[in-house]
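Below: the structure, in structure tokens.
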Amino acid sequence: MNLLTSHTLEERLETIESLSGQFKDRAAENDEKGRFPFENIEDLKRIKYTLLTAPKEYGGEEISLHEFVRLQEAIAIGDGSTALSIGWHMGLIMHLAETRPWDPKLFEFICKEVTKGALLNTCATEAQTGSPTRGGKPTTIAQKSGDTWIINGRKTFSTMSPALDFFVVTATIDETGEVGSFLIPRETKGLSVIETWDSIALRATGSHDVVLDRVEIPFEYMTEMMSANKKRPAGYLLHIPACYLGIAEAAKREAESFAKNYTPNSLNHPISELPTIRQKFGEIELKLMQSRHFLYSVAKMWDGGSEQERQLLGPELGAAKLTVTNQAIEVVDLAMRIVGARSLSQKSPLQRYYRDVRAGLHNPPMDDVTIMQLAFRGQAPFMR
Ligand SMILES: Cc1cc2nc3c(=O)[nH]c(=O)nc-3n(C[C@H](O)[C@H](O)[C@H](O)COP(=O)(O)OP(=O)(O)OC[C@H]3O[C@@H](n4cnc5c(N)ncnc54)[C@H](O)[C@@H]3O)c2cc1C
């Protein structure tokens, strides 16, 4: 099946859902071993998923943000690590296609690489900066040297590093102190991935450190100045809540299957018929429903918005992320209460969902930033 030749969201969802079942089968082992899910990524490349957000002029499909989050959620039902990993690639391409901040020739080059299966992600975080969204300046340094850039530094949390073909790295330009982003092909001398990812959440994302030791790239691989696009809200980041919503849905399904099949000898029916269990499933359903309505409607607002309207959507995007990721944590908690102590077994996927879903709190935007943004927005009309 090739997703470029399926024309409706339903057709694409059907294909992704069948793959996602296979991702689920592989998830426990990849999690236990902290192994990157290479097979899942190859499966997604085979069906051309990795091209869907690229512009049509370069062989992509330019899918909407709404479709993107729906497909990402379906991937995450099978495996959160796969969803977050591929989500960064898909989202970056969507963002570049919408805003075109790169030199057209360089963008055309990267799109052509993507049609051949290349993967890319942004490596912006460093131990010294913490979350780059808080304004920390990279200690990774880019120096001009003739018609090349020489880059030195170390990035942390570089998701999908085992499979990336291009690393889009932020660095401070030595000469001016400005922050730029730089395209570094994987095979560049001096670039190495150091396997440091020891997180208990999303263990299969391969979010290792990337070390840049006198990495030399052509001058035109300086892709953009970060200050230029700083203020624009980033719709594509909704792939993040979509991932955690998918994990929550997987937890619900696991609890449902357990509750239907577990009949302790104190009862003559499965626990699914108990009012207390039904109550919890009702609460889960309410949270999932609220999350879906919020996430999908903000994605559709983005899709239907003019450039000017999109500029105003930052608070909605942040609020959707905050709501969905926090509700996902609550859903996993409720699912575990339904299953009881067995949910803590190493063999139960629920213990993995419990760990994985926490990661959402530490993906951008962070909750406190969103709340302050909302406070400011709430105040504005009364101040006038
Ligand atoms: C699974 C996963 C995948 C990721 N993938 C990527 C990726 O592909 N590429 C990438 O670049 N990054 C990635 N990240 C990194 C992510 O974007 C964050 O940079 C990272 O999680 C660190 O965030 P933090 O809030 O813990 O760090 P910090 O910013 O260091 O925050 C730690 C604590 O200090 C507080 N704090 C720090 N600075 C301030 C401040 N200025 N004002 C107020 N409070 C402050 C925070 O509130 C928080 O409580 C990933 C993270 C995870 C968990």
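When a ligand or atom number is given, it counts from 1 through the structure's own listing order. These numbers come from a predicted model, not from an experiment. Counting from 1, the numbers follow the sequence of the chain as shown.
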Check this for me: does any side-chain nitrogen of one of R46 and E42 sit under 4.0 Å from a carboxylate oxygen of the other?
no
Could you list each nitrogen or oxygen of ligand 1 that sits under 3.5 Å from a protein nitrogen or oxygen, with the atom names and the distance?
residue	atom	partner	partner atom	Å
ligand 1	5 (N)	F157	O	3.3
ligand 1	5 (N)	T159	OG1	2.7
ligand 1	8 (O)	N121	ND2	2.8
ligand 1	8 (O)	F157	O	3.3
ligand 1	8 (O)	T159	N	3.3
ligand 1	8 (O)	T159	OG1	3.4
ligand 1	9 (N)	T122	O	3.0
ligand 1	9 (N)	F157	O	3.3
ligand 1	11 (O)	A124	N	2.8
ligand 1	11 (O)	T125	N	3.0
ligand 1	11 (O)	T125	OG1	3.1
ligand 1	12 (N)	T125	OG1	2.8
ligand 1	19 (O)	T125	OG1	3.0
ligand 1	21 (O)	H362	O	2.8
ligand 1	29 (O)	S131	N	2.8
ligand 1	47 (O)	R134	NH2	3.1

For residues 264-281, the side-chain hydrogen bond (donor to acceptor under 3.5 Å, both in side chains) pairs (sequence neighbours left out) are Q279-E283
- request: Go through the side-chain N and O atoms of S64 and K300 and say whether any donor and acceptor fall under 3.5 Å apart.
  value: no
Checklist entry - Would a distance-only check, ignoring hydrogens and angles, find a side-chain to backbone donor-acceptor pair under 3.5 Å from H208 to W197? => result yes
Note to self: Hydrogens and angles aside, do T223 and S181 bring a side-chain donor and acceptor to less than 3.5 Å of each other?
What the structure shows: yes
Quick one about S145 and E216 (side-chain donor to acceptor, distance below 3.5 Å, no hydrogens or angles considered), yes or no? no
